[in-house]
Protein chains: 2
Amino acid sequence: MAVREPRRRVTIADVARHAQVSTTAVSKVLRNAYGASPAMRDRVKAAIEELGYRPQAAARAMRGRTFTIGVLIPHVRNPFFADLLDGIGEQLGGTDYQAILVQGGGTDLGAEARAIEALVDRQVDGILMIAPITPKARLEEVARWMPTIVIGRHERSTIYDAVFDDDDAGTELVVRHLIELGHRRIGHISQRNFGRGRPAALPHLTRAETYRRVMREHGLGDGIDVVTTTWTEEGGHAGTVELLSRSPRPTAVFAGADQPAFGALSAVHEAGLRVPQDVSIAGYDDTRMAAMANISLTSVDQDGALMGRTAARLLLERVEGRTAAMRFSVTPVLVARRSTGPAPTG
Amino acid sequence: MAVREPRRRVTIADVARHAQVSTTAVSKVLRNAYGASPAMRDRVKAAIEELGYRPQAAARAMRGRTFTIGVLIPHVRNPFFADLLDGIGEQLGGTDYQAILVQGGGTDLGAEARAIEALVDRQVDGILMIAPITPKARLEEVARWMPTIVIGRHERSTIYDAVFDDDDAGTELVVRHLIELGHRRIGHISQRNFGRGRPAALPHLTRAETYRRVMREHGLGDGIDVVTTTWTEEGGHAGTVELLSRSPRPTAVFAGADQPAFGALSAVHEAGLRVPQDVSIAGYDDTRMAAMANISLTSVDQDGALMGRTAARLLLERVEGRTAAMRFSVTPVLVARRSTGPAPTG
DNA sequence: TGAGGCATGGGCAACGTTGCCCGTTCTGTG
DNA sequence: CACAGAACGGGCAACGTTGCCCATGCCTCA
């Protein structure tokens, strides 16, 4: 097979010529617009089929529509985001909209800013932002340009919609679970704070705050111990090593998320301690790995697919014209597994 | 803060007016083109800064360039792809190009086809396809339209570049490792075959083929046992349950990838068997979870970041005009951990 | 002093699509 | 049979950017 020169792409004009109609007519058929007879519709559709015509998104963009939804994702390594994307994809399937993903960098404010600008420059019809660390003021600035849904943050906005997990409730579930098991010294692994916005807007801040509150409410203010790393396997490992070096050491660790919890499990293992006999470990997100029998990590399930579906639905509504702001919150559920058990006595 | 109407976006004409020059002049400055004095350059740059101007990708696209690289990814749930994306991002950082990701669905040929078309419709300057299942003929058709790099497939093409891991060598390493440990009955978990192209082009086919070859070369043709599922935790679990039901059951399982290997570990655990005393498990990809001390999965490391960087570099070269096809292969390394051990005697 | 070249800046058309508007033909009703 | 109104199809401009080309003015060199 020889290398042919790339032939010119089929345009609406080619279709019009082939179907013996005007370009306007073809456009009408494409958009299901008024003013096209069934006969013409068929003829044009046949021509489109025959020539393999596909509209060019760029030219459409110049007229205002791209049929593209931009999704800002901190980093694809976090498996929970995959659930969100599944939900988004499910909701968008069957519509004319296509999701494109852009990685924001996770902890790099500058990278995230560039990613957002990239989406704005590309004239997407709407943006879904997954747990952005960008200040709220900037999010609202973007939301004024184009329909925007923010996933995972708790602030109220009158300009964009919010879809989030009730991190407060979820954290309360898991910390109480540990306390009920008799734990008094419970370490917590949190993330470095990059945002400059209102505190507690980001999940890791809510979780840390609620952890502190619940501990205090149970008279365990002295047992509070927060280490700040990153929510990765490596971060969770390092944080747990630090917690285990305390004297007395905590008998349980709420890792804040499953990824650091996996690192915590490995750190406990390396220290020659047993889970849960010596140390209990709990995560958050209920990822698939958490359910594996040899891991069996206690976690908090937030329905990521539902959040994704809802976020995409809300965004489409906004694209279609809704302007009133909406909020949607998912109620988390504790999934107790074998990584948590009664506190060791003594 | 009130909801303002979205103001019109700043265009090149606004900048030109503000800087008292022509739009052509502004365009020249933007593109670092010839024919602009340093003085004018400064003036225009100041105006751009002042107005916060950003070029619109769609309008540029109509003139032939979008500064966008499309990345087709089967599914974000596979952690190995995150390494590839890190490499791609690293190489693209500092250039004017922005990567956008589109999910192909993994096992759904139709979804992948739509994803590829979405990228073509959006006039990206080049496409990086990660382990596509689309027939080669179609890949070449796309590659004639725009610069294309295919990651993970082994076929030769004169039209697109290929970047892949030497799956044959990697599989030989891991299967030999198991044989040297004394295993004779080694199960293998493979994936359903969706492609219709040349066999062995996709990694899972190469791995299965090489597994068979190495087994036979060591006189272990009778010990060959392949189950076909999907390369997910769930698939690996189900496949391993099936393998463990054999009589006699295999003493080792080469899971084909880390994700199914994790499922395999859990299945062995559930069956009340020990790893590696009763059953050895090996994966492929050397993901971060494999390195966790409590998992300690034997795996094969393929340098995903290097593959990603190389693929992105090759693509940029093609965007700049190279037409000769290139191939780049990464040499894998066996990482033996505690999930593999001597075959049980008797 | 004149010719040629270079540096600099701008005019213009074109990329593909769609919304607005206008003209023609057809249909139904008095 | 006349007329209003609907149905239908097409012309045209505009979206923002860039590549090609031309005009101007200055400098250099023979």
Side-chain angles (χ1 to χ4, degrees), chain A residues 6-45 47-48 51-68 96 120-125 145-146, chain B residues 6-45 47-48 51-68 96 117 120-125 145-146 321:
Chain A
R7 50 206 178 289
R8 204 176 52 75
R9 194 179 158 118
V10 177
T11 73
I12 206 171
D14 298 320
V15 175
R17 211 170 305 122
H18 194 262
Q20 313 257 53
V21 295
S22 69
T23 58
T24 302
V26 179
S27 178
K28 281 177 182 169
V29 173
L30 286 174
R31 294 173 290 125
N32 276 318
Y34 175 86
S37 63
M40 186 181 81
R41 214 166 272 280
D42 290 346
R43 205 136 57 89
V44 169
K45 280 188 175 161
I48 287 173
L51 298 178
Y53 165 77
R54 310 207 79 227
Q56 248 169 272
R60 288 182 144 181
M62 303 255 338
R63 302 285 309 174
R65 271 288 184 93
T66 53
F67 296 98
T68 305
D96 289 332
V120 174
D121 292 346
R122 274 158 193 77
Q123 309 265 109
V124 293
D125 293 332
W145 280 111
M146 48 186 56
Chain B
R7 51 207 178 288
R8 204 175 53 76
R9 195 180 158 117
V10 177
T11 73
I12 207 171
D14 298 320
V15 175
R17 210 171 304 121
H18 194 262
Q20 312 257 56
V21 295
S22 68
T23 58
T24 302
V26 178
S27 178
K28 281 177 182 169
V29 173
L30 285 174
R31 295 173 290 126
N32 275 318
Y34 177 85
S37 64
M40 185 180 80
R41 213 166 274 278
D42 290 346
R43 205 139 55 89
V44 169
K45 279 188 175 161
I48 289 174
L51 299 179
Y53 166 77
R54 312 207 78 229
Q56 248 169 271
R60 287 182 144 181
M62 302 246 356
R63 301 286 309 173
R65 270 288 184 93
T66 53
F67 296 98
T68 305
D96 289 332
E117 290 199 320
V120 173
D121 291 347
R122 275 156 194 79
Q123 308 266 110
V124 294
D125 293 333
W145 280 112
M146 48 187 56

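All values derive from a computational prediction rather than experimental measurement.
Distance, A:Q123 CD to D:dG16 P: 9 Å, rounded to whole Å. What separates CZ of B:R63 from P of C:dG16 is a distance of 11 Å, to the nearest Å. Rounded to an integer number of Å, the gap from B:D121 CG to C:dT17 P is 10 Å. Atom P of nucleotide C:dA14 and atom CD of A:Q56 are separated by 17 Å, given to the nearest angstrom. Rounded to an integer number of Å, the gap from B:K28 NZ to C:dA7 C1' is 10 Å. One can place CZ of A:R65 at 11 Å from P of C:dT18, the figure rounded to the nearest angstrom. To the nearest angstrom, C1' of D:dG16 lies 10 Å from CZ of B:R8. Atom CZ of A:R54 and atom P of C:dT17 are 12 Å apart (whole Å).
When the side-chain nitrogen and oxygen atoms of B:T24 are compared with OP1 and OP2 of C:dG10, none of them lie within a distance under 4.0 Å. For B:R60 and D:dG16, the shortest distance from a side-chain N or O to OP1 or OP2 is not below 4.0 Å.
How far CG of B:D121 is from OG1 of A:T66: 11.5 Å, rounded to the nearest 0.5 Å.
Side chain of B:I12, nearest nucleotide from D:dG16, D:dT17, C:dG11: D:dT17.
Using a 3.5 Å distance cut-off with no hydrogens or angles, the side chains of A:T68 and B:R122 do pair a donor with an acceptor.
Both B:P38 and A:F67 lie close to DNA chain C; mapped to their nearest nucleotides by heavy-atom distance, the more 5′-ward contact belongs to B:P38. For B:A59 and B:A25, each mapped to the nucleotide of DNA chain C holding its nearest heavy atom, the one lying further toward the 5' end belongs to B:A25.
Looking at every heavy atom in both residues, A:R41 comes nearest to A:A33 through NH2-O, 3.2 Å. Contact detail for B:D14 and B:R9: the closest heavy-atom pair is OD2-O, 3.8 Å. Here the shortest heavy-atom pairing between A:G64 and A:D125 reads O-OD1, 4.0 Å. Residues B:A58 and A:A61 come closest through the heavy atom pair CB-CB, 3.3 Å. Heavy atoms only, all atoms of each residue included: A:Y53 and A:I12 are closest at CE1-N, 3.5 Å.
Using a distance-only test at 3.5 Å, with no hydrogens or angles considered, a donor-acceptor pair links the side chain of B:R43 to the main chain of B:A19.
Heavy atoms of A:A58 sit nowhere under 4.0 angstrom from any nucleic acid atom. Base engagement by A:S27 is indicated by at least one non-hydrogen atom pair under 4.0 Å involving a base atom. Backbone-only contact: B:V21 has heavy atoms under 4.0 Å from sugar-phosphate atoms and none from a base.
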Please tabulate, one pair per line, all N/O donor-acceptor pairs under 3.5 Å involving side-chain atoms of residues 23-30 of chain B, not counting sequence neighbours.
| unit_1 | atom_1 | unit_2 | atom_2 | d |
| --- | --- | --- | --- | --- |
| B:S27 | OG | B:R31 | NE | 2.9 |
| B:S27 | OG | B:R31 | NH2 | 3.2 |

Can you tabulate the close N/O pairs, meaning under 3.5 Å, that link protein atoms to atoms of nucleotides 22-28 of chain C?
none

Using the 3.5 Å cut-off, write out each protein N or O paired with an N or O of nucleotides 5-7 of chain D and the distance between them.
| unit_1 | atom_1 | unit_2 | atom_2 | d |
| --- | --- | --- | --- | --- |
| D:dA7 | OP2 | A:Y34 | OH | 3.0 |

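Side-chain contact between B:M62 and A:Q56 is absent, with no heavy-atom pair separated by less than 4.5 Å.
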